[in-house]
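Right, one structure below, let's go through it.
Along the sequence shown, the residues carry numbers beginning at 1.
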Amino acid sequence: AIEPAGVLFGGVGSDAVADVIERDGTLIAVGHRSSGTDLEDAAIWSSVDGVVWSAVDREPLAEPGYKRINSIAVAGDDLYAAGYSIDPGAEELDAAVWRSSDGRTWRRVEGAELSLAGDQVARSIAVFDDVVVAAGFDDASGVTEAAAWARVGGAWVTTAVELPTGESEIWSLGDESREMLGVGEA
């Protein structure tokens, strides 16, 4: 049977999936959902067969404001998801990272480096040599520039990114011969 639009993952409104991974025989999808308002909530679903999906506990993900998850990665026993948020009353996008040890219960990770002046968006997240790296863009300088943040010693810090000068963004991270590879536009 063909599912009506917006019902595939259950619920009213629209759902969008941005990334999917497999962990211990379970598929975990990340994205966002809208219940018909202008606001979107970060959303995470799981499935053991790819046909029937269940939303994880929405309470920790349904913070006030607008939230999206763009990417998910496995780091040892933990899962990390990256995206962005606009908090109530704010006009700027802030990069956002969520963490889970079981794939069902998620908590937003706080980090001053993820919410600077201007817009920051995490488009991708990956693990390189046991270091969790999120990447996207930062326009604090007035120009949209590729940016990356790494989890070092439990804290998120901005990492150096060597790219051509001018406008640029990282859209996806990959592992090429144990070196971080970012793909995007400049």
Side-chain angles (χ1 to χ4, degrees), residues 9 15-33 40-50 53-63 67-85 93-116 119-138 145-163 169-184:
F9 290 96
D15 298 336
V17 173
D19 197 9
V20 179
I21 63 164
E22 184 274 334
R23 180 182 182 200
D24 299 329
T26 299
L27 296 170
I28 301 172
V30 297
H32 63 274
R33 74 176 355 164
E40 295 176 346
D41 287 329
I44 300 174
W45 302 268
S46 65
S47 174
V48 294
D49 61 9
W53 292 84
S54 300
V56 303
D57 182 11
R58 291 186 62 192
E59 188 68 30
L61 299 172
E63 301 168 346
K67 314 282 186 250
R68 274 194 177 191
I69 298 177
N70 296 320
S71 184
I72 185 170
V74 177
D77 292 334
D78 293 326
L79 294 162
Y80 286 88
Y84 61 93
S85 69
L93 302 169
D94 289 326
V97 175
W98 292 263
R99 180 183 163 275
S100 174
S101 60
D102 61 11
R104 293 180 303 276
T105 304
W106 291 82
R107 298 283 180 254
R108 188 164 167 193
V109 175
E110 297 300 323
E113 290 292 326
L114 298 172
S115 56
L116 303 170
D119 291 336
Q120 295 81 38
V121 169
R123 298 222 187 266
S124 186
I125 195 162
V127 180
F128 302 96
D129 293 329
D130 297 326
V131 175
V132 180
V133 178
F137 72 84
D138 178 356
E145 298 176 307
W149 303 270
R151 187 172 183 270
V152 178
W156 287 89
V157 297
T158 302
T159 63
V161 177
E162 293 182 30
L163 290 172
E169 296 183 35
I170 297 173
W171 283 84
S172 184
L173 292 173
D175 183 354
E176 182 62 33
S177 300
R178 304 305 309 153
E179 293 184 17
M180 182 172 68
L181 173 67
V183 179

>> The test is side chain to side chain contact (heavy atoms under 4.5 Å, CB included); show your working for W98 and L79 and say whether it passes.
In response: CA-CA 8 Å; W98 292 263; L79 294 162; over 6 Å; no
> Shortest non-hydrogen contact from G50 to W53?
Replying inline: O-NE1, 3.2 Å
> Does R23 have any side chain to side chain donor-acceptor pair (under 3.5 Å) partners at least two apart in sequence or in another chain, and if so, which?
Replying inline: none
>> Any heavy-atom pair between the side chains of V48 and L27 that's under 4.5 Å?
In response: no
> How close do N70 and G83 get, heavy atom to heavy atom, and via which atoms?
Replying inline: ND2-CA, 3.8 Å
>> The criterion is side chain to side chain donor-acceptor pair (under 3.5 Å); which residues satisfy it with D138, sequence neighbours excluded?
In response: Q120
>> Rounded at 0.5 Å granularity, tell me how far CZ in R123 sits from CG in L173.
In response: 12.5 Å
>> Can you tell me how far apart CZ (F137) and CG (D119) are? Round to the nearest 0.5 Å.
In response: 5.5 Å
>> Distance alone, cut at 3.5 Å: any donor-acceptor contact between the side chains of S100 and D102?
In response: yes
>> Which heavy atom of A122 sits nearest to which heavy atom of A95, and what is that distance?
In response: N-CB, 4.0 Å
>> Within the 4.5 Å heavy-atom criterion, are Y84 and I69 side-chain neighbours or not?
In response: no
> Which atoms form the tightest heavy-atom contact between I44 and V30, and what is the distance?
Replying inline: CG1-CG1, 3.9 Å
> Going by distance alone, is a donor N or O of one side chain under 3.5 Å from an acceptor N or O of the other, for S85 and R108?
Replying inline: yes
> In Å and rounded to the nearest 0.5 Å, what is the OG to CZ distance from S54 to R104?
Replying inline: 11.5 Å
> Got a donor-acceptor contact below 3.5 angstrom from the D19 side chain to the I72 backbone?
Replying inline: yes
> For G103 and V56, which heavy atoms make the closest approach, and how far apart are they?
Replying inline: O-CG1, 3.4 Å
>> For a side chain to side chain contact (heavy atoms under 4.5 Å, CB included) check, start with the C-alpha distance between I21 and V74, then their side-chain angles and the critical distance, and finish with the verdict.
In response: CA-CA 8 Å; I21 63 164; V74 177; 3.5 Å; yes
> Between K67 and E40, is there a salt bridge with N-O shorter than 4.0 Å?
Replying inline: no
> Side chains of Y80 and V97: closer than 4.5 Å at any heavy-atom pair?
Replying inline: yes
>> For D77, is the CG atom crowded, meaning more than 12 foreign heavy atoms sit under 6.0 Å from it?
In response: no
> Which heavy atom in A135 sits nearest to a heavy atom in I170, and how many Å separate them?
Replying inline: CB-CG2, 3.7 Å
> Is a salt bridge present between D41 and R33, judged by a nitrogen-to-oxygen distance below 4.0 Å?
Replying inline: no
